[in-house]
Colleague: 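Before I ask anything, let me first share the structure, which is written out below as structure tokens.
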Amino acid sequence: MKQGISKKSYLAFAITAAIASQSVNAQDANAEQEADAGLERIEVTARKSVESLQEVPVAVTSISADELSERGIEVITEVQQFSPNTTLQRSRGTNSTITAFIRGVGQQDPLWGYEAGVGIYIDDVYMARPQGAVLDLLDVERVEVLRGPQGTLYGKNTIGGAIKYVTKEMSGDTEFKIQGTVGDYSQTDLKVTGQLPIIEDQLYFGFGVASLERDGFGEFLESDLPGQDKENYNKDVMAYRATLEYRPTDELFFRLNYDKTEDDSNAKGGYRLLPSILTDAPVPDSVYDSYTSLPTWNEVELEGISFTARWDISDYTSLKYVASSRESYSPTNIDFDNTPLRIFDVPAIYDDEQTSHELQLNNYGDNYKFVSGLYYYDGESCGQFEAILEVLGNALGAPGLTREVSGCNNSKSTAVYAQLSYDFTDKWSVTAGARYTKDEKDAYVNNGLIFDTVYPESGWIPGYVRPEGDLVPEVLNDDEEWSKFTPRLGVEYQANDDLMFFASFAQGFKSGTFNPRATTAEPAADPEEVDSFEIGMKSEWLDNRLRANVTLFALDHKDRQYISVLPGETAADLNQRLGNIGESDATGVEIEMTYLATDNLLLSAAIGTIDSEFKEVIDYDENGEPFDKSDSFTISNTPDYTFNLGADYTVESSYGDFVFNASYYYRDDYVLFEEDSLLTQDGYGLLNLGINWYGVDGNWSAGLHAKNVTDEEYMIGGYQFVAPQDDGSYLPGLGGDNTLIGYFGDPRTISFTVTYQF
């Protein structure tokens, strides 16, 4: 740990604990009162069993369905505002691909083959690919954000943490809910959910349908393709869920779930931050406007089915089995240069399938909790992209120029895990767990130049017919195996019923992989590893009216996988080598507080600070000599601090309850790329306001929500293919143009929602 942040972190922890300790000493000796007199108990499944948030020695944020609704949260990326040191953004070029970082650990490049740094889970099913992972919230019970490596219970690719999307189990009653939303930019959303018993007290059917539409925040100003939909940053999503639950006895539970999402939102055009030197199209006036020479259509199709069986063998032992199958298909158009010319266009196809099986055995005693399981995963991640450099090809005397890359990174993973929490006394307990994982991966890559303008499929643009056969050679075909042991050790001290301290060590790893852009038969990159240390406090004070949870952490991120760009013979070369070249560390503090100031006023705060940096980045010069270039590297998508301050005030009346809420979320400045980033977003704040009404009969409710009230402009992604010069000018990059592009978060939006349920 760095000396400065270490002192600050422990000082903050000590001050918080001291203030809280004085508060608890001032409390009445009769602190035992009904739970509804204070803050609501929050239950989570962070350790794969149902526990109180205050009993779990893990840094976890849980946001319930009611909280999501009252704040008008529509997609999972908005959850980042309520979890310290968390980044959840829509990726560049699409509306539904996620970029996820927690504590400076994540994965920015969504290309097939690259593994996630933050795991996304839907009802305990791992979602392997970022495409389509910007989930719209439909029939959700809560969202949990687990910070820090979760390698013991959740396995690989959770070295930053995990996001858990938990849907509701059925109540057994007939229920129906219809919700409609209208807003600016012609937003029109309709959600219909419900459930009904087929066999009373045994068999239930549930369903959910959502139609989500909105015009674009901007438009494509010019395109050389006729008949294009020119909406930019628009939304056109259909989502479906169907669930069958069967409870033949009190001890048995079965659930079959199907979901499908069709996202036909347009491809997202970026904003040129520099004028083009190859076209006279000016820099647009709005950051949401763009140019393109590609089709504006885009598709994301997701489909999944899962089966859950749970057997409560006794009051202390349960057996659970979860099986799933998911697939996604996404043809997409990303115009890197964002001009009406084919300077650097990248049409692509992502095609993924996965199956998984998990068998979990839990056992509880008077002084212990035991969780164990077996896990199997089989995934195929394939794709193809064309880097179309037609203008450069014309300059070379060819009808066009395209670098085509295609291939697959397929993986199989098996794991066994166990974790035991044991209470030595009423106050002291320990947690010990471990997971053994065996990974197998095979991959092939086709990569080569075509002196023509080529698209992935016939009909990609009107009248286009793709030549038959393989157009580029196979450059890599290999397989590799890895095995990893990831432990977790912790100790907890329960000072009293309302105060717990904990310390833990956890380890996680991100899977090794082959370079999906390989130009030669290069070896696979080995797995990344993260070692994490935490000291924390979970506490409730003032007769359960104040909840204060604090975590101090330090992590060491080793064997970081990174792409090095190698010089080529021509400007059309995309020579890139993937290797384990980096090591970084981070230390920080996370504070989450909720205070029920009065029976009607609830105050909240979520604060995160982090000090992170690369310690070593080893590369090789043209003579093969190693050198350290860590001075030019910065941890991306990771502000030094974030905070959210919120207030909810309830007014009771004969017409129903009115809940007024306000929050202010601030992110300090951050860079978007690790190496020599030219894209830095200055610190910014988002002010969100809401008014919610709940009818006296419990059937009707309504909400008016204003987000980003001050209309802040902030970058969430981009591309940089230029070389800065000492005089402030730029040398053009790949394609021969000044390609420096930004993608931006949502502007100010206002929406009104009405809900009827019974």
Colleague: Is the closest basic N to carboxylate O distance between K707 and E78 below 4.0 Å?
Modeller: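 Here K707 pairs with E78 in a salt bridge, since their nearest N and O are under 4.0 Å apart.
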Colleague: With the side chain counted from C-beta on, respond yes when V145 and V79 share a heavy-atom pair under 4.5 Å apart, and no when they do not.
Modeller: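 Yes. Closest side-chain heavy atoms under 4.5 Å.
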Colleague: Hey, does the side chain of D236 reach the backbone of N266 with a donor-acceptor pair shorter than 3.5 angstrom?
Modeller: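 Between the backbone of N266 and the side chain of D236 there is no qualifying donor-acceptor contact (under 3.5 Å).
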Colleague: Identify whether the distance between the nearest side-chain nitrogen and carboxylate oxygen of K235 and D264 falls below 4.0 Å.
Modeller: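 No, this pair does not count.
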Colleague: Under the side-chain hydrogen bond (donor to acceptor under 3.5 Å, both in side chains) criterion, do T453 and E390 qualify, and how do the steps go?
Modeller: CA-CA 6 Å; T453 297; E390 185 177 279; 2.6 Å; yes
Colleague: Between the main-chain N or O of T86 and the side-chain N or O of S83, is there a donor-acceptor pair closer than 3.5 Å?
Modeller: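 Absent.
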Colleague: Using the six-membered ring wherever Trp is involved, compare the ring planes of Y288 and Y233 and label them parallel, tilted or perpendicular (cut-offs 30° and 60°).
Modeller: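 Aromatic pair Y288/Y233 classed perpendicular.
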Colleague: Does the ring centre of Y562 sit less than 6.0 Å away from the ring centre of F633?
Modeller: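 Yes, they do, as the ring centres are separated by less than 6.0 Å.
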Colleague: If I take atom CG from residue D337 and atom CD1 from residue I334, how far apart are they, to the nearest 0.5 angstrom?
Modeller: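 So the gap between those two atoms works out to 12.5 Å.
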Colleague: Test side-chain contact (heavy atoms from CB on, under 4.5 Å) on Y665 and N708; report intermediate values, then the result.
Modeller: CA-CA 10 Å; Y665 172 64; N708 190 7; over 6 Å; no
Colleague: Is E404 salt-bridged to R466, cutoff N-O under 4.0 Å?
Modeller: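 Yes, E404 and R466 are salt-bridged.
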Colleague: Determine whether P473 and N446 make a side-chain contact, defined as any pair of heavy atoms from C-beta on separated by less than 4.5 Å.
Modeller: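 When only atoms from C-beta onward are counted, N446 and P473 do not touch, as no gap falls below 4.5 Å.
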Colleague: Just by distance, do the side chain of D737 and the backbone of T739 share a donor-acceptor pair under 3.5 Å?
Modeller: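 Judged by distance alone, no pair lies under 3.5 Å.
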Colleague: How long is the straight-line distance from CD1 of I716 back to CG of L679, given to the nearest 0.5 Å?
Modeller: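 L679 CG to I716 CD1: 12.5 Å, rounded to 0.5 Å.
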Colleague: Indicate the atoms forming the closest heavy-atom contact of P724 with L678, along with that distance.
Modeller: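 Looking at all heavy atoms of both residues, the shortest contact is CG-CD2, 3.8 Å.
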Colleague: Search all heavy atoms of G400 against all heavy atoms of N394 and return the closest pair with its distance.
Modeller: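 Residues G400 and N394, closest heavy atoms: N-ND2, 4.0 Å.
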Colleague: Would you say the side-chain atoms of S293 and D345 include a donor-acceptor pair closer than 3.5 Å?
Modeller: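 D345 and S293 do have a side-chain donor-acceptor pair below 3.5 Å.
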Colleague: Check whether any side-chain N or O of E262 sits under 3.5 Å from a backbone N or O of E301 as a donor-acceptor pair, and report yes or no.
Modeller: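 Side chain of E262 to backbone of E301: no pair is present.
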Colleague: For the pair D259 and R326, find out whether any cationic side-chain nitrogen is under 4.0 Å from an anionic carboxylate oxygen.
Modeller: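 Counted as a salt bridge, because a side-chain N and a carboxylate O are separated by less than 4.0 Å.
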Colleague: Compare every heavy atom of C408 with every heavy atom of N410, then report the nearest pair and how far apart it is.
Modeller: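 Looks like OD1-CB, 3.7 Å.
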Colleague: Would E115 and K441 count as a salt bridge (charged side-chain N to carboxylate O under 4.0 Å, His left out) if you check the C-alpha gap in whole Å, the side-chain angles of each, and the deciding distance to 0.1 Å?
Modeller: CA-CA 12 Å; E115 303 285 354; K441 182 164 285 190; 2.5 Å; yes
Colleague: Donor-acceptor pair, E522 side chain versus L578 backbone, under 3.5 Å?
Modeller: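 Side chain of E522 to backbone of L578: a pair is present.
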Colleague: Just by distance, with hydrogens left out, do T355 and D378 show a side-chain donor and acceptor under 3.5 Å apart?
Modeller: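 No donor-acceptor contact under 3.5 Å links the two side chains.
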Colleague: CZ of F336 to OG1 of T292: how many Å apart, nearest 0.5 Å?
Modeller: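 The distance works out to 12.0 Å.
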Colleague: Counting N and O atoms only, with roles assigned by atom type, does the side chain of D189 sit under 3.5 Å from a partner on the main chain of E213, one being a donor and the other an acceptor?
Modeller: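 Yes, the answer is positive, given that a donor and an acceptor are paired below the 3.5 Å cut-off.
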Colleague: Going by heavy atoms in the side chains, are V445 and V405 under 4.5 Å from each other?
Modeller: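 When only atoms from C-beta onward are counted, V405 and V445 do touch, with a gap below 4.5 Å.
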Colleague: Does any non-hydrogen side-chain atom of E74 lie less than 4.5 Å from one of Q187?
Modeller: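 A side-chain contact under 4.5 Å exists here.
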Colleague: Within the 4.5 Å heavy-atom criterion, are I98 and I76 side-chain neighbours or not?
Modeller: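 A side-chain contact exists here, since the closest heavy-atom pair is under 4.5 Å.
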Colleague: Locate the shortest heavy-atom distance separating R517 from N515; write the atom from each residue and the value.
Modeller: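 Scanning both residues completely, I find the closest heavy atoms to be N-OD1, 2.9 Å.
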Colleague: Got a donor-acceptor contact below 3.5 angstrom from the S636 side chain to the V671 backbone?
Modeller: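 Looks like no, no N/O pair under 3.5 Å.
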Colleague: Between D289 and R272, does a salt bridge (charged side-chain N to carboxylate O under 4.0 Å, His left out) hold up when you go through it step by step?
Modeller: CA-CA 9 Å; D289 288 346; R272 287 197 63 92; over 6 Å; no
Colleague: Taking the six-membered ring of Y670, is NZ or CZ of R667 closer than 6.0 Å to its centre and within 45° of its axis?
Modeller: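 Yes, R667 lies over the aromatic ring of Y670.
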Colleague: Looking at D711, I'd like to know if its CG atom is crowded, meaning that more than 12 non-hydrogen atoms belonging to other residues, nucleotides or ligands lie closer than 6.0 Å.
Modeller: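 Enclosed.
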Colleague: Answer with yes or no whether the side chains of Q384 and E457 bring together a donor and an acceptor at under 3.5 Å.
Modeller: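 No pair is found: no donor N or O on one side chain lies under 3.5 Å from an acceptor on the other.
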Colleague: Between I73 and F82, does a side-chain contact (heavy atoms from CB on, under 4.5 Å) hold up when you go through it step by step?
Modeller: CA-CA 11 Å; I73 295 176; F82 306 94; 3.3 Å; yes
Colleague: For a quick check under 3.5 Å, do S751 and T181 share a side-chain donor-acceptor pair by atom type?
Modeller: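 Result is no, nothing qualifies.
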Colleague: Taking atom types as modelled and ignoring hydrogens, do the side chains of N338 and S290 form a donor-acceptor contact shorter than 3.5 angstrom?
Modeller: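 Their side chains do contain a donor-acceptor pair, which is all the 3.5 Å distance test asks for.
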Colleague: For V472 versus L449, what's the shortest heavy-atom pair and its separation?
Modeller: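 Closest approach of V472 to L449, heavy atoms only: CG1-N, 4.4 Å.
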Colleague: Kindly assign one of parallel, tilted or perpendicular to the pair W112 and F385, based on the angle between their ring planes and the thresholds 30° and 60°.
Modeller: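 Geometry flag for F385 against W112: tilted rings.
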Colleague: Check whether any side-chain heavy atom of I343 sits under 4.5 Å from a side-chain heavy atom of I388, and report yes or no.
Modeller: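 A side-chain contact under 4.5 Å is absent here.
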Colleague: Any chance the rings of Y185 and F217 have centres within less than 6.0 Å?
Modeller: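 Yes, the ring of Y185 comes within the 6.0 Å limit of the ring of F217, centre to centre.
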Colleague: Under the criterion side-chain hydrogen bond (donor to acceptor under 3.5 Å, both in side chains), I'd like the reasoning laid out for E303 against Y258: C-alpha separation, chi angles, the key distance, then a yes or no.
Modeller: CA-CA 8 Å; E303 194 169 17; Y258 170 80; 2.5 Å; yes
Colleague: Kindly indicate, with the supporting measurements, whether the criterion side-chain contact (heavy atoms from CB on, under 4.5 Å) is fulfilled by N333 and W460.
Modeller: CA-CA 10 Å; N333 288 285; W460 197 276; 2.7 Å; yes
Colleague: Does the Q108 side chain pair with the main chain of L672, one donor and one acceptor, at a distance under 3.5 Å?
Modeller: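 Yes: the side chain of Q108 pairs with the backbone of L672.
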Colleague: Walk me through it: do I120 and Y165 pass the test side-chain contact (heavy atoms from CB on, under 4.5 Å)?
Modeller: CA-CA 8 Å; I120 308 293; Y165 182 103; over 6 Å; no
Colleague: Go through R241 and D123 one step at a time and tell me if the salt bridge (charged side-chain N to carboxylate O under 4.0 Å, His left out) criterion holds.
Modeller: CA-CA 13 Å; R241 293 183 67 87; D123 289 331; 3.8 Å; yes
Colleague: Grab the two heavy atoms, one from N95 and one from S265, that are nearest each other, plus how far apart they are.
Modeller: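 The answer is ND2-CB, 3.5 Å.
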Colleague: Between CG of L302 and OG of S330, what distance do you get to the nearest 0.5 Å?
Modeller: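 Interatomic distance, L302 CG to S330 OG, rounded to 0.5 Å: 8.5 Å.
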Colleague: Relative to the ring of Y714, is the ring of Y684 parallel (under 30°), tilted (30 to 60°) or perpendicular (over 60°)?
Modeller: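 Ring orientation of Y684 relative to Y714: parallel.
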Colleague: Give, for atom CG of D669 and atom CG of D682, the distance between the pair rounded to the nearest 0.5 Å.
Modeller: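 These two atoms lie 6.5 Å from each other.
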Colleague: Short question: side chain of Y291, backbone of P282 - any donor-acceptor pair under 3.5 Å?
Modeller: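 Side chain of Y291 to backbone of P282, a donor-acceptor pair under 3.5 Å: yes, one is there.
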Colleague: Are any of the side-chain heavy atoms of V283 and Y271 separated by less than 4.5 Å?
Modeller: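 Side-chain contact under 4.5 Å: yes.
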Colleague: Without swapping roles, check the side chain of N447 against the backbone of V475 for a donor-acceptor pair under 3.5 Å.
Modeller: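 It does not hold such a pair.
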Colleague: In terms of relative ring orientation, are Y743 and Y719 parallel, tilted or perpendicular, with 30° and 60° separating the classes?
Modeller: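 Taking Y719 first and then Y743, their aromatic rings stand perpendicular (interplane angle over 60°).
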Colleague: Which value, rounded to the nearest 0.5 Å, describes the distance between E327 atom CD and E380 atom CD?
Modeller: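 Atom-to-atom, E327:CD and E380:CD are 10.5 Å apart.
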Colleague: Taking side chain as C-beta onward, heavy atoms only, is Q179 less than 4.5 Å from L190?
Modeller: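 They are not in side-chain contact.
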